[in-house]
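Working notes, beginning with the structure itself.
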Amino acid sequence: MLIAPSMLASDFSKLSDEIIRMDISGADWIHLDVMDGHFVPNLTFGPPIVAAMRPYTDKPFDVHLMIDEPLRYAPAFLKAGADIVTFHAESLSDPGQTIETIRAGGAKPAMSVKPGTPVQKIFPYLDRLYMVLVMTVEPGFGGQKFMPDMMEKVRLLKKEKPDLLVQVDGGIHTETIAQAAQAGVDICVAGTGVFKAPDAAEAIRNLKAAAQAALK
Ligand code: DX5
Ligand code: ZN
């Protein structure tokens, strides 16, 4: 299981320190939650902040766009150093065009569904996607409760395309990661579970161990 700590739960007044802390704690990817105040009822940061964080680690930047117009802003995030760009099936942009723009910019395209959206909405694009993100909370805020019912979506995706990377995001802790692992999830985003733990390296190790144990 790969772990992608979400910078949403970091101390925003010390972003470079927080990125370095994740880098040395064994994070696989760095998850960056971008919110526009329209797609979700919260605001975070845009391309300049992503670019400012970029020099502090070589780990992949996994940019999760919770915005209405991913097609319009994807080029700016690519320029800022995004490696994986995830946009939502519920956004206003054309999925085919958005996927093409992300690929043309040299990054890996991924799509996500909110809890209320059937995952089948993404099926027509699976062959063009690097990853699918199944939201396990209503997007917008960290620290919410994991929705176990979403594991059915993970199973459907893996049945449809076994080699597709599947990520989950929201409410991942040592108690919930077992369900994700058993459903076939490859990458877990963890915000509060890593950043608010007394020792981030230990938290990441514990998450990986709990996922591993669930597969035995
Ligand atoms: C929610 C974000 C998540 C969030 C996860 O909209 O996409 O990445 O930060 O936070 P936790 O792990 O605290 O649920
Ligand atoms: Zn996210």
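This chain uses plain numbering: 1 for the first residue, then up along the sequence. Because only heavy atoms are used, hydrogens play no part in the values below, and waters and symmetry mates are left out as well, while side chains stay in. Atoms within each ligand, like the ligands themselves, are counted from 1 in listed order. Small disclaimer: the values here were computed from a predicted structure and weren't measured.
Nearest-residue assignment for atom 6 (O) of ligand 1 (options Gly140, Ser6, Ala4; heavy-atom criterion): Gly140. The option from Val168, Asp169, Leu133 that lies nearest to atom 8 (O) of ligand 1, judged by heavy atoms, is Asp169. For atom 2 (C) of ligand 1, the candidate residues are Val189, Asp33, Asn42; the nearest heavy-atom contact is made by Asp33.
Within 6.0 Å of the NZ atom in Lys14, the count of heavy atoms belonging to other residues, nucleotides or ligands does not exceed 12. Surrounding CZ of Phe146 are more than 12 heavy atoms belonging to other residues, nucleotides or ligands, all under 6.0 Å away.
Inter-residue side-chain proximity for Val189 and Gln167 is flagged as met; some heavy-atom pair is nearer than 4.5 Å. Residues Lys114 and Pro139 have side chains in contact (heavy-atom distance under 4.5 Å, counting atoms from C-beta outward). In this structure, Phe39 and Glu69 have side chains that are not in contact, with every pair of non-hydrogen atoms separated by 4.5 Å or more. Using a 4.5 Å cut-off on side-chain heavy atoms (C-beta onward), Lys161 and Val132 make no contact. Looking at heavy atoms from C-beta onward, Val63 lies out of side-chain contact with Thr86 at the 4.5 angstrom threshold. With a 4.5 Å cut-off on side-chain heavy atoms, Pro70 and Ile67 count as touching.
Protein heavy atom in closest approach to atom 1 (C) of ligand 1: Phe141 O, 3.6 Å. The protein non-hydrogen atom at the shortest distance from atom 13 (O) of ligand 1 is Thr192 OG1, 2.7 Å. Distance from atom 14 (O) of ligand 1 to its nearest protein heavy atom, with residue and atom name: Gly171 N, 2.8 Å.
Taken from CD1 in Ile30 to OH in Tyr56, the straight-line distance is 14.0 Å, to the nearest 0.5 Å.
Residue Gly142 approaches ligand 1 through these ligand atoms, each under 4.0 Å from one of its heavy atoms: 10 (O), 13 (O). Below 4.0 Å from some heavy atom of Met66 lie the following atoms of ligand 1, by number and element: 6 (O), 7 (O). Near Pro139, with a cut-off below 4.0 Å to any heavy atom, the atoms of ligand 1 are 6 (O). For ligand 1 and His31, the ligand atoms under 4.0 Å from any heavy atom of the residue are 8 (O). Under a 4.0 Å criterion applied to the non-hydrogen atoms of His64, ligand 1 contributes the atoms 7 (O).
When non-hydrogen atoms are compared, ligand 1 lies under 4.0 Å from the backbone of Ala190 (N, CA, C, O) but not from its side chain.
Between Gly191 and ligand 1, at least one pair of N/O atoms sits closer than 3.5 Å. In terms of N/O distances under 3.5 Å, ligand 1 is not approached by Val137. At a 3.5 angstrom cut-off on N or O pairs, Met135 does not count as close to ligand 1.
Under the 4.5 Å side-chain contact rule for hydrophobic residues, Met150 and Val40 share a cluster.
With sequence neighbours excluded, the residues that form a side chain to side chain contact (heavy atoms under 4.5 Å, CB included) with Ala89 are Met111, Val113, Lys121, Ile122.
Of the charged side-chain nitrogens involved, at least one lies within less than 4.0 Å of a carboxylate oxygen, so that Asp28 and Lys208 count as a salt-bridged pair. A salt bridge between Asp83 and Arg54 is present, with a side-chain N of the basic residue lying under 4.0 Å from a carboxylate O of the acidic one.
The closest approach between any non-hydrogen atom of Met35 and ligand 1 is below 4.0 Å. Using 4.0 Å as the threshold, Gly193 has no heavy atom nearer than that to any atom of ligand 1. Close to ligand 1: Gly170, with a non-hydrogen atom less than 4.0 angstrom away.
Ring geometry for His88 versus His64: interplanar angle under 30°, hence parallel rather than tilted (30 to 60°).
Thr44 and Asp33 are not linked by any side-chain donor-acceptor pair at a separation below 3.5 angstrom, with hydrogens and angles left out of the test.
For the Zn ion (ligand 2), the tally of protein N/O/S atoms lying closer than 2.8 Å stands at 4.
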